[in-house]
Amino acid sequence: MAIPEIVDVTVIGGGIFGLSAAWAFHRRGLSVRVLEAGRIGAGASGGIVGALSPHTPDRWNDKKAFQFAALTSAPDHWAGVEAAGGLHSGFGAVGRLIPLHSAEDRSRAEARQRDAQQNWQGLAEWRVVDRPAFLASDAHDKGVGAVQDTLSARLYPLAAVKALAAALRAKGVDVAEASPVQDASALRQNSRLVVVAAGYQSESVIPQLPKGLMRGVKGQALLLEADLPEAMPLVFDNGLYVINHPGRGVAIGSTSETEWEDAHGVDHEPLEALRRRAIALVPGLADAPVKARWAGVRPRGRFPDPVLGEIPEAPGVWLFSGGFKIGFGIAHLLAERLADAAMGQPALLPERFQLSQHLTQHRK
């Protein structure tokens, strides 16, 4: 594919990481081009769940601090994207409910409430509530209640990446679909920097990367046709999310599968198991018909963390991938740190996010 135009940055991949990177570089005044092999949101970023949620506020570390900074800045970020491109991302700062199942659960949750008061800096709350609205009454009957955090938010993944693409195009950035790339290094003749954000398939366009560094975890989810209150918080219980997307439906997910034959194939049995669990949590879903089913592969590196760094054997080529379950919540801030690092500025980044750490662990 001939790409004659010379730009400062070429981004490979039109998912949440690639588009966020393009937005961050554009905001710094650089010329940017995005090349997406298929269509915007064709991979893991085209999903239906869209939970932006923090880890627990105890045992504080640099990863949790980074995630906290990303989540507290998310409302302004998405408001700016929507204003620039005119499309809504589905963002809503609605908080989250986590049902508790025992007195021991409640005791741990109350201890974390004190941690949140310190670590969340008064910008959000993690509190135990006795009679949570929206949830099944068995939590009330047990007398242990639920956690309610005010930091969590939702967005609709496919709407979010389309909103970002629209914002970039409105600013004059070329976002080209159906534009596959074979070797990222070949684009260096037309770009000062090349950012590879092609999800779990990123290493296929970076031959210098060791095989198996990037991994994929397949997830399946479903969307129910249900009319629930617009302000309903996210509900999270033992890996299961129930998220109301007003005007679109209620998302339930996701599975986590390390082996699969068809990246986009859906399996009704595990999805039906998710649906039953969701109904047990939120009785208002009991008669809701299935509107859509979705499957895709989420990228992760050696750790279940993002991977960011310049390829040692390919100067000017940067890997930016591996969001796994927290990608949408941190992509905008992580992209800012990528732009800092690529432009030779200090980048405040958890050590375990850095490509060098993933490479070290991969060689062991």
Side-chain angles (χ1 to χ4, degrees), residues 49-79 90-156 226 228-246 250-254 277-285 325-326 328-330 332-333 350:
V49 179
L52 312 185
S53 291
H55 290 89
T56 57
D58 57 333
R59 293 179 292 180
W60 201 242
N61 56 34
D62 57 355
K63 176 180 177 178
K64 291 187 177 185
F66 187 92
Q67 187 185 42
F68 174 76
L71 292 174
T72 52
S73 62
D76 288 342
H77 166 73
W78 287 108
F91 181 86
V94 294
R96 173 179 60 167
L97 287 171
I98 307 172
L100 301 171
H101 299 288
S102 67
E104 290 77 12
D105 282 352
R106 184 178 178 108
S107 179
R108 282 191 294 268
E110 289 173 339
R112 288 168 175 164
Q113 184 170 301
R114 295 187 290 272
D115 291 316
Q117 290 171 353
Q118 175 182 345
N119 295 324
W120 288 2
Q121 306 168 28
L123 298 177
E125 293 183 331
W126 168 290
R127 58 177 180 262
V128 176
V129 294
D130 289 324
R131 300 187 64 83
F134 308 108
L135 297 185
S137 61
D138 62 343
H140 306 165
D141 297 339
K142 292 176 183 176
V144 293
V147 167
Q148 185 166 30
D149 88 67
T150 62
L151 184 54
S152 294
R154 68 175 181 229
L155 53 68
Y156 197 73
L228 297 178
E230 184 170 342
M232 176 181 167
L234 287 61
V235 176
F236 177 74
D237 185 44
N238 293 325
L240 174 72
Y241 267 106
V242 179
I243 304 178
N244 183 34
H245 293 291
V250 178
I252 298 169
S254 299
R277 287 182 60 196
I279 291 172
L281 285 170
V282 183
L285 298 175
K325 294 183 179 181
I326 63 172
F328 270 89
I330 66 171
H332 66 285
L333 184 58

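Computed from a predicted model, the values in this text were never measured in an experiment.
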Atom pair [atom1]/[atom2] of [X] and [Y] - distance to nearest 0.5 Å:
X	Y	atom1	atom2	value
Ser107	Asp105	OG	CG	9.5 Å
Arg108	Leu100	CZ	CG	9.0 Å
Gln117	Arg127	CD	CZ	11.5 Å
Asp76	Thr72	CG	OG1	9.5 Å

Please determine whether side chain to side chain contact (heavy atoms under 4.5 Å, CB included) holds for the pair Arg112 and Val147, giving the CA-CA distance in whole Å, both sets of side-chain angles, and the decisive distance to 0.1 Å. CA-CA 10 Å; Arg112 288 168 175 164; Val147 167; over 6 Å; no
Side chain to side chain contact (heavy atoms under 4.5 Å, CB included) between His101 and Asn238, intermediate numbers included: CA-CA 11 Å; His101 299 288; Asn238 293 325; 4.3 Å; yes
Minimum heavy-atom distance [X]-[Y], with the two atoms named:
X	Y	answer
Ala146	Pro99	CB-CA, 3.8 Å
Leu71	Pro75	O-CD, 3.6 Å
Thr150	Ala124	OG1-CA, 3.4 Å
Ala251	Val49	CB-CA, 3.9 Å
Gly50	Ile243	C-CD1, 3.9 Å
Asp115	Pro57	CB-O, 3.4 Å

Hey, does the side chain of [X] reach the backbone of [Y] with a donor-acceptor pair shorter than 3.5 angstrom?
X	Y	result
Gln148	Gly95	no
Arg106	Val128	no
Trp78	Gly90	no

Evaluation steps, side chain to side chain contact (heavy atoms under 4.5 Å, CB included), between Phe66 and Ile330: CA-CA 8 Å; Phe66 187 92; Ile330 66 171; 4.1 Å; yes
Which word best sums up how the rings of His332 and His77 line up, parallel for under 30°, tilted for 30 to 60°, or perpendicular for over 60°?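 Ring orientation of His332 relative to His77: parallel.
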For the residue pair Phe68 and Trp120, categorise the inter-ring angle as parallel (less than 30°), tilted (30 to 60°) or perpendicular (more than 60°).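 Plane angle under 30°, so parallel.
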For a 4.5 angstrom cut-off between non-hydrogen side-chain atoms, does [X] reach [Y]?
X	Y	answer
Phe91	Leu52	yes
Trp126	Arg96	yes
Lys64	Asp58	yes
Ser53	Tyr241	yes
Leu281	Leu97	no

Before you tell me yes or no, could you show the steps for Ile326 and Gln67 under side chain to side chain contact (heavy atoms under 4.5 Å, CB included), namely the whole-Å CA-CA distance, both residues' side-chain angles and the distance that decides it to 0.1 Å? CA-CA 9 Å; Ile326 63 172; Gln67 187 185 42; 3.8 Å; yes
Counting heavy atoms not belonging to Glu230, are there more than 12 under 6.0 Å from its CD?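 At most 12 heavy atoms, drawn from other residues, nucleotides or ligands, come within 6.0 Å of this atom.
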Tell me which one of Leu234, Val250, Val94, Val235 satisfies side chain to side chain contact (heavy atoms under 4.5 Å, CB included) with Asn244.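 Going through the options one by one, the only one that passes is Val250.
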